[in-house]
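What follows is a short report on a single structure.
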Amino acid sequence: MKSMQQPQHHLPLDLPLDLPVDLDEAVHRCLVAGFDGTAGVPDTLKRLIERGLGGVILFTRNVRDADQVRRLTDELRALRPDLLVAIDNEGGGIGHLVAAGAPEVPGSYALGVVDDPDLTARCADALAGHLASLGITVSYAPVADLQHHPGNPIVRTRSFGAEPELAARHLRAWITATEARGVASCAKHFPGHGGTVTDSHHEMAVDRRSYDEIRADVEPFRAAVAAGVPMLMSAHVVYPALDPERPATLSRRILGDLLRHDLGFDGVLVSDALEMKAIADRYGEAAGARLALAAGADQVIVAVPDLTTTLACRDAVIGALRDGMLAEERVREAAGRVRRLADRYAGAMGEGVVAPWDADAGLKAARRAVRGGSAGSGVGGAVSAGAVSAGRGAYVVDLFPPPHPALNWGGEDLLSEVRALDPTASGMALNEVPVDPRAMVEGVLRWAAGVPLVVATSDAGLYPWQRELREALVAGRGDAVVVETGLPDRAAALCSYGRGRVNLRALAEVLVGNGV
């Protein structure tokens with residue numbers, strides 16, 4: 001979640017206070033704001049915090065190193081101790097705290113492949129312990145979506161898997177471990193984003209499955225609620241079987257009838273970022289804020305760094321209260337939930353010394369997740385180091401998609417991890433279609449003559465250019481070792497089920513033949 005477009009609002013920084021003080025504070029409690037910079041709190045953000053802002057969300061743009069992040073969170077909380085400080089912290093290749101020394105853990109899909117809830121708990125504990133050491137209160141994780149549509153472009157290895165019971169086991173482990181660290185977890189994206197073929201960052205996603213099929217996707221969220229998850233995040237997805245008109249974030253039927261009544265959730269429901277095009281292009285961020293709160297959300301995220309968009313959302317909510325379009329009782333209810341959450345988590349942050357965590361848990365999990373060739377949609381057998389080894393001196397071609405504009409990428413690639421173990425290895429890492437694919441293939445076949453060839457793809461089924469390059473290289477080198485770093489692929493001899501740094505390191509160990 002971060003800015004997908006430039007804000008179009010040009011409003012005064014602050015409107016006059018035209019609501020009762022306590023109601024004005026309640027409005028601000030319902031907002032989570034992004035901002036720019038690593039040093040100092042912008043004056044506009046200070047004024048929002050003084051009026052009761054519920055939370056801030058940090059991104060890579062706010063992170064230089066661990067000491068700097070701790071100074072920043074201390075400064076934010078000095079303005080108001082019950083301010084919630086949040087960040088996306090799923091692990092794997094998605095995370096904003098690499099520069100701050102974040103623990104390296106695989107993404108959720110690899111943890112589901114291993115299916116050891118204790119190991120999942122140790123990975124979640126490491127992430128949460130690190131957040132606590134930085135003064136961060138809220139982790140917008142774990143992902144509770146089920147990954148069962150092969151064309152889904154956004155969930156994939158962020159999910160624990162396709163089976164509700166599997167996801168439920170690991171959600172319980174993650175939530176319990178995070179809670180033990182005094183950090184609020186947040187299961188997302190209700191009622192499930194895994195059945196779409198559209199990324200809601202780019203346009204409105206629609207899940208056209210039946211009511212019964214969608215209800216199956218709700219079960220991991222039900223398990224998260226039963227495990228005591230304090231927060232849920234809504235999906236910017238339309239489910240015609242549940243509400244034919246509005247996406248979940250704006251739907252009273254989904255947020256009220258399904259989430260509050262059926263699941264019995266009484267924690268804080270936060271929207272996904274309002275500037276995502278699924279909301280911004282169809283409704284606008286300001287109208288989205290008003291509609292989301294009216295539908296039952298307790299907080300809305302406005303992640304763009306330019307605070308004029310946040311102010312426009314705030315002003316829309318104030319205007320809706322003034323005009324009677326939004327009930328005062330609804331805003332007070334939402335703010336009350338946010339206050340209770342802040343009392344529980346923000347108030348305790350910074351008390352005592354943070355206990356150490358298992359820094360090796362992530363690599364242990366990633367090693368256990370590496371599997372031999374899949375039978376397609378299923379999971380292949382575990383491999384021991386060297387079982388599918390390319391050997392030393394290999395030429396590695398690592399193909400992967402360009403970084404997602406709203407998800408952090410730490411710059412990791414398989415070639416670098418192989419070379420860290422075997423300096424004689426060579427190759428290329430490519431995240432875009434080459435200018436001349438035929439020339440590239442011919443060049444690789446020349447350069448790799450006489451040495452092992454490794455061809456790695458990442459979700460090749462979604463990216464034809466990867467698949468075509470792989471097929472051309474394998475046609476020229478039938479002995480090439482084919483690797484998949486995304487979801488399982490029939491063509492792959494090895495699968496890592498993720499592109500986090502530890503996933504790639506574990507894969508490199510097998511390829512080089514290092515005993516572990």
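What you see below is based on every heavy atom in this structure, not just the backbone, and it leaves out hydrogens, waters and symmetry mates.
- Pairing each heavy atom of Leu414 with each of Ala456, the nearest pair is CD2-CB, 3.7 Å.
- Side-chain atoms of Arg419 come within 3.5 Å of backbone atoms of Ala425 as a donor-acceptor pair (strictly under, hydrogens ignored).
- Atom CD of Glu163 is surrounded by 12 or fewer heavy atoms from other residues, nucleotides or ligands within 6.0 Å.
- Side-chain contact between Val238 and Pro247 is present, with heavy atoms from C-beta onward closer than 4.5 Å.
- Annotation: salt bridge (charged side-chain N to carboxylate O under 4.0 Å, His left out) contacts involving residues 120-130, sequence neighbours excluded, comprise Asp118-Arg122, Arg122-Asp358, Asp125-Arg181.
- A search for side chain to side chain contact (heavy atoms under 4.5 Å, CB included) contacts involving His148 returns Leu146, Ala162, Arg209, Asp217, not counting sequence neighbours.
- No donor-acceptor pair under 3.5 Å is formed between the side chain of Thr198 and the backbone N or O of Ala205.
- Looking only at side-chain heavy atoms (C-beta outward), Glu203 and Asp281 stay at 4.5 Å or farther from each other.
- Within the structure, side-chain hydrogen bond (donor to acceptor under 3.5 Å, both in side chains) contacts touching residues 150-160 (residues at least two apart or in different chains) are Glu90-Arg158, Asn152-Thr196, Arg156-Asp459.
- We find the NE2-CG distance between His193 and Asp199 to be 6.0 Å, quoted to the nearest 0.5 Å.
- With a 4.5 Å cut-off on side-chain heavy atoms, Gln299 and Val268 count as touching.
- Contact record, Val218 with Pro191: CG2-CB, 3.9 Å, taken as the closest heavy-atom pair.
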message: Would Tyr345 and Glu179 count as a side chain to side chain donor-acceptor pair (under 3.5 Å) here? Give the steps.
response: CA-CA 9 Å; Tyr345 295 96; Glu179 175 68 24; 2.4 Å; yes
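- Using a cut-off of 4.0 Å between Lys/Arg side-chain N and Asp/Glu carboxylate O, Asp489 and Arg470 are scored as salt-bridged.
- Using a 4.5 Å cut-off on side-chain heavy atoms (C-beta onward), Ile301 and Val270 make contact.
- For His170, the ring-ring contact (aromatic ring centres under 6.0 Å, His included) partners are Phe160, not counting sequence neighbours.
- The closest donor-acceptor contact from the side chain of Thr485 to the backbone of Thr457 lies under 3.5 Å.
- Atom CG in Leu171 sits 9.5 Å away from atom OG in Ser185 (nearest 0.5 Å).
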- request: Go through Ile279 and Glu285 one step at a time and tell me if the side-chain contact (heavy atoms from CB on, under 4.5 Å) criterion holds.
  value: CA-CA 7 Å; Ile279 299 297; Glu285 299 95 327; over 6 Å; no
- request: Show the numbers, then the answer: is there a side chain to side chain donor-acceptor pair (under 3.5 Å) between Ser458 and Arg499?
  value: CA-CA 8 Å; Ser458 180; Arg499 285 194 63 88; 4.5 Å; no
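- With contacts defined as side-chain heavy-atom distances shorter than 4.5 Å, the pair Phe35/Leu58 qualifies.
- With Glu275 contributing its side chain and Ala303 its backbone, the two residues share a donor-acceptor pair below 3.5 Å.
- At a threshold of 4.5 Å between non-hydrogen side-chain atoms, the residues Leu430 and Val397 do not count as touching.
- Contact detail for Leu399 and Leu469: the closest heavy-atom pair is CD1-CB, 3.9 Å.
- Judged as a salt bridge (charged side-chain N to carboxylate O under 4.0 Å, His left out), the pairs with a partner in residues 166-175 (not counting sequence neighbours) are, in order, Asp115-Arg169.
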field: Pair Asp306-Thr309, side chain to side chain donor-acceptor pair (under 3.5 Å): steps then yes or no
entry: CA-CA 6 Å; Asp306 187 333; Thr309 305; 5.6 Å; no
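- Considering all non-hydrogen atoms of both residues, Val183 and Thr137 come closest at CG1-O, 3.4 Å.
- Between the Ser251 side chain and the Ala248 main chain, no donor and acceptor come within less than 3.5 Å of each other.
- Listed by chain and residue number, nothing satisfies the side-chain hydrogen bond (donor to acceptor under 3.5 Å, both in side chains) test with Asn503 (two or more places apart in sequence, or in another chain).
- For the atom pair OG of Ser139 and CH2 of Trp174, the computed distance is 6.5 Å after rounding to the nearest 0.5 Å.
- How far OH of Tyr283 is from CG of Leu250: 5.5 Å, rounded to the nearest 0.5 Å.
- The shortest heavy-atom contact between Val63 and Ala99 is CG1-CB, 4.2 Å.
- Side chain of Arg64 to main chain of Arg61: no donor-acceptor pair is present (N/O by atom type, distance under 3.5 Å, no hydrogens or angles).
- Here the side chain of Asn62 pairs no donor or acceptor atom with the backbone of Thr38 at under 3.5 angstrom.
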Pair Arg368-Leu119, side-chain contact (heavy atoms from CB on, under 4.5 Å): steps then yes or no: CA-CA 10 Å; Arg368 289 176 59 185; Leu119 191 53; 3.7 Å; yes
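- With hydrogens and angles ignored, the 3.5 Å screen pairs a side-chain donor or acceptor of Thr73 with a backbone N or O of Leu134.
- Two residues are said to be in side-chain contact when any heavy atoms from C-beta on lie closer than 4.5 Å; Pro401 and Leu462 fail this criterion.
- By the side-chain hydrogen bond (donor to acceptor under 3.5 Å, both in side chains) test, Ser426 pairs with no residue at all, sequence neighbours left out.
- Across His96 and Asp88, no two heavy atoms sit closer than the pair CD2-O, 3.7 Å.
- For residues 215-239, the ring-ring contact (aromatic ring centres under 6.0 Å, His included) pairs, not counting sequence neighbours, are Phe190-Phe221.
- Among residues two or more places apart in sequence or in another chain, the side chain to side chain contact (heavy atoms under 4.5 Å, CB included) test is passed with Ala86 by Val138, Tyr140.
- Side chains of Val483 and Ser496 form no contact here, defined as non-hydrogen atoms less than 4.5 Å apart.
- Atoms CG and CG, from Asp67 and Leu72 in turn, are 12.5 Å apart once rounded to the nearest 0.5 Å.
- Among residues two or more places apart in sequence or in another chain, the ring-ring contact (aromatic ring centres under 6.0 Å, His included) test is passed with Phe400 by Trp409.
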Cut-off 3.5 Å, no hydrogens considered: what does the side-chain donor-acceptor table look like for residues 432-452, sequence neighbours left out?
unit_1 : atom_1 : unit_2 : atom_2 : d
Asp436 : OD1    : Arg438 : N      : 3.4
Asp436 : OD1    : Ala439 : N      : 3.1

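- Sorted by first then second residue, the salt bridge (charged side-chain N to carboxylate O under 4.0 Å, His left out) pairs that include residues 98-109, not counting sequence neighbours, are Glu104-Arg501, Glu104-Arg505.
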query: Would Thr249 and Met276 satisfy side-chain contact (heavy atoms from CB on, under 4.5 Å), going step by step from the backbone distance to the final call?
result: CA-CA 12 Å; Thr249 296; Met276 291 166 60; over 6 Å; no
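- Looking only at distances, no side-chain donor or acceptor of Glu509 sits under 3.5 Å from a matching main-chain atom of Leu511.
- With rounding to the nearest 0.5 angstrom, the CG atom of Leu76 is 10.0 Å from the CD1 atom of Ile136.
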